[in-house]
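Please read the structure below before turning to the comments.
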2 protein chains.
Amino acid sequence: MKRKVTLKQIAKELDVSISTVSKSLKDSAEISEDTRQKVQAFAKLYNYKPNNIALSLKNKKTKTIGIIIPEIVHHFFATVISGVENVANEHGYNVIVCLSDESFDKEVINMEMLANGSIDGFIMSLSKETQQKRDFHHISEVINQGMPVVMFDRVTNDILCDKVIIDDNLSAIQAVQTLIDKGLKKIALITTVDYVSVGKLRTEGYLKALKSNDIKIDENLILKIEDIEHCDEAIEDLIKNQQIDAIFAVNELFAVTAIKSALKIGLKIPEDIAVIGFTDGIISKYSSPSITTVSQNGIKMGGKAAKMLIERLESEDEDDEHYRTEVIETHLVERESTPTL
Amino acid sequence: MKRKVTLKQIAKELDVSISTVSKSLKDSAEISEDTRQKVQAFAKLYNYKPNNIALSLKNKKTKTIGIIIPEIVHHFFATVISGVENVANEHGYNVIVCLSDESFDKEVINMEMLANGSIDGFIMSLSKETQQKRDFHHISEVINQGMPVVMFDRVTNDILCDKVIIDDNLSAIQAVQTLIDKGLKKIALITTVDYVSVGKLRTEGYLKALKSNDIKIDENLILKIEDIEHCDEAIEDLIKNQQIDAIFAVNELFAVTAIKSALKIGLKIPEDIAVIGFTDGIISKYSSPSITTVSQNGIKMGGKAAKMLIERLESEDEDDEHYRTEVIETHLVERESTPTL
DNA sequence: AGACCTTCCGAAAACGTTTTCGTGTTGAAA
DNA sequence: TTTCAACACGAAAACGTTTTCGGAAGGTCT
């Protein structure tokens, strides 16, 4: 077991000063050819690598990005991390991941832990509880200390910072319009409770699309799910009790659950009921029938967020208060759960 | 914008020494009640929090765990991270995630980056390329420097360290036996190429199960997939050209692809063909029909790995060479893709 | 009055770097 | 011989902590 070697040890062995070793390894012209060679050879032999922690302390930069998301066992969030990792690595950054578990307290604790020097900046998506409480003091505090934050997907207008989102509203309108264009009239909506920002926006999009096509809104066709674990019964009831042509679901899980329920009852998809989901994940792709969805490119979103963060970190003027909100475009991936014209 | 306050600044403001401030905040008996109160009040007012980097440098401990996995957009690996996060947080550790992208080079680079002081220990699963090359020098190097490593799932006997695995062999035997017990004889295998350790073990399990039931092994029923992106055609061919009762697939993706192919041809599941997969992910659960799988509890695996690592990190005797291999039990989750007796 | 013990606090080292500045030696020019 | 530049290197500060040790001030005891 040979422990990591430090500048000090090399200096001692070679009987020179620490400064000389450091400069030699950096090919400084201050050091004679001779000494440089000697030091470099020795360093290579002992596989010297500078200690990251010491560097971080000195440079006041950790070259690390902190990500805080509600959960990781979730296709969309996983793709976002993947996107962040990619561009982070390209720029020599590491990524430290914390899970809020949809809990406000955990989100706060995690942010505070990381804010004490561990990272250079945050990329985050709000937990449900945080969105419900509308308490963002932990975020503004961090920003106030000069640490940049980029929010994605689940964002809030109450905080001024860079953001990356999709146009949930427009995407929902387009999805519903697609159903209408296929001649479907009685379109149900399966959505989340309103405090989830993206759910709310998608719901609004659904309403707008119906209105602009002069379709009367039927509250009985709108299902707001609180408890995602037990959505099955509610969805099954909806399909059984209402005459429905199509379903627009604000996420994959609702979409696939709706399909399973419909199949169970004996309905055919897409002939009897068409389904469009949101977030193009693994479920939509591999479900039978496969599901038509609004594709939300997590890789792109994560990549963009990372790029914005790193740009800010490495920009000259520290506190540029000019924050941007990037909108990632979506598109509809048509699969087997919707009829072809 | 108020930047983070340091001991030095507090000391200056209060006209005492840095040591006094530090001790006061730690409630040291060395400091008078008076001074202590004064310092603590001031620190609280300015929301003082010690700098993690400085602490890491001093203590030679980062309280951070590094995870290196092949990919994160993958249900199983995501659950493992989740498991690691849980117990890591409980013990005050953070988690830094790196993706090897199934590439040997990336795995090496990531390990080297993190090994230079950024973390206290590794939890990792080998990339495909690493398993193929059988080159593990980067891992033994890290271990040699005194940094503990825990490997999970995709492990190797060439490295001595703590490991967490499932009994792939036995689990496969049980799965295939289940099919046989249901009266199925012509059982196909869809597996990976041999260098993937878990794929190989599961394949062996399949073979053993057939042998012990005196069923002749038909090479035509064994499909080894190299390129996972284009497995569709091969699988469809297999189903079309061979008379098959059942399919044992070594992962979810193969299983669901097989089902989709069979349905496409017009076969009924499970009546015409039964299917058992491996890894109980989101696909198996939400597929139609849902898929019977060998459940491999990623949360448990990650949690166990984290526990082993932390125990080693915090154990008294530094270089305990007594390495353990924990086996996480699996169980078969029976769903719609297999017939009930 | 001297010896000694508390109480309270500060100086300094240590962790591993980088970088600025100072300094001793050498050689050449005046 | 003196003067000055060029060269090669080392000392020290800085980043923010924790902790050991030493010491000043004051009190108590003989």
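Quantities reported herein were computed from a predicted structural model and do not represent experimental measurements.
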Practice prompt. Provide, to the nearest angstrom, the distance between the NZ atom belonging to Lys26(B) and the P atom belonging to dT17(D).
Written response: 10 Å
Item to complete: Look at the side chain of Ser17(B) and the base of dA11(C), then say whether one donor and one acceptor between them are separated by less than 3.5 Å.
Response: no
Worksheet item: Looking for any heavy atom pair under 4.0 Å, which part of the strands does Leu55(B) touch: base, sugar-phosphate only, or nothing?
Response: sugar-phosphate
Item to complete: Would you mind reading off the distance between Ile53(B) atom CD1 and dC15(C) atom C1', rounded to a whole angstrom?
Response: 13 Å
Discussion item. Measure NZ/Lys12(B) against C1'/dG10(C) and give the value in whole Å, please.
Written reply: 18 Å
Fill in: Ser22(A), nearest nucleotide to its side chain (from dT19(D), dT17(C), dT19(C))
dT19(C)
Worksheet entry | Residue Ile31(B), side-chain atoms from C-beta onward, closest of dC9(C), dG16(C), dT17(D) | dC9(C)
Fill in: Closest heavy-atom pair and its distance - Pro70(A), Phe77(A)
CD-CZ, 3.6 Å
Fill in: dC9(D) OP1/OP2 closer than 4.0 Å to side-chain N/O of Thr35(A)
yes
Worksheet item: Could one point to a donor on the side chain of Lys58(B) or the base of dG16(C) with an acceptor on the other under 3.5 Å away?
Response: no
Fill in: side-chain N/O Lys8(A) vs dC15(C) OP1/OP2, d < 4.0 Å
yes
Worksheet item: Distance only, no hydrogens: is a donor on one side chain within 3.5 Å (strictly under) of an acceptor on the other, for Lys4(A) and Asn116(B)?
Response: yes
Worksheet item: Has the side chain of Ser32(A) got a donor or acceptor atom sitting under 3.5 Å from an opposite partner on the base of dA8(D)?
Response: no
Discussion item. Let's go through Ser19(A) and Ser22(A) carefully: what are the C-alpha distance in whole Å and the side-chain angles of both, what is the deciding distance for side-chain hydrogen bond (donor to acceptor under 3.5 Å, both in side chains) to 0.1 Å, and is it a yes or a no?
Written reply: CA-CA 5 Å; Ser19(A) 342; Ser22(A) 175; over 6 Å; no
Item to complete: Please state how far atom CG in Leu25(B) lies from atom C1' in dG16(D), giving the value in whole angstrom units.
Response: 13 Å
Worksheet item: Can Gln9(B) and Glu13(B) be counted as having a side-chain donor-acceptor contact under 3.5 angstrom?
Response: no
Practice prompt. For dA14(C), take OP1 and OP2 only and decide whether either is under 4.0 Å from a side-chain N or O of Lys60(B).
Written response: no
Discussion item. Using the side-chain heavy atoms of Glu30(A), tell me which of these nucleotides is nearest: dC15(C), dT17(D), dT20(C).
Written reply: dT20(C)
Discussion item. Would you say that more than 12 heavy atoms from the other residues, nucleotides or ligands in this model lie under 6.0 Å from the CZ of Phe42(A), or not?
Written reply: yes
Fill in: Donor-acceptor pair (no angle test) under 3.5 Å: Lys4(A) side chain, dG16(C) base
no
Worksheet item: Rounded to whole angstrom units, what separation is found between the CD atom of Glu33(B) and the C1' atom of dT7(C)?
Response: 14 Å
Discussion item. Heavy-atom nearest nucleotide on DNA chain C for Asp15(B) versus Tyr48(A): which residue maps closer to 5'?
Written reply: Asp15(B)
Worksheet item: With a cut-off of 6.0 Å (strictly less than), are more than 12 heavy atoms of other residues, nucleotides or ligands near CG of Asp15(B)?
Response: no
Worksheet item: Starting at CG of Asp27(A) and ending at C1' of dT18(C), how long is that distance when rounded to a whole Å?
Response: 15 Å
Item to complete: Report the nucleotide, chosen from dA12(C), dT18(C), dT17(D), that has the shortest atom-to-atom distance to any side-chain atom of Ala54(B).
Response: dT17(D)
Worksheet item: Does any N or O donor sit under 3.5 Å from an N or O acceptor when you compare the side chain of Lys23(A) with the base of dT20(C)?
Response: yes
Worksheet item: Whole Å only: how far is the CG atom of Asn51(A) from the P atom of dA14(C)?
Response: 17 Å
Discussion item. Without decimals, in angstroms, what is the distance between Lys61(B) NZ and dG16(C) C1'?
Written reply: 18 Å
Worksheet item: Closest to the Pro50(A) side chain: dT19(C), dG10(C), dT17(C)?
Response: dT17(C)
Practice prompt. Using a cut-off of strictly less than 4.0 Å, decide whether Thr6(A) has a side-chain nitrogen or oxygen near OP1 or OP2 of dC15(C).
Written response: no
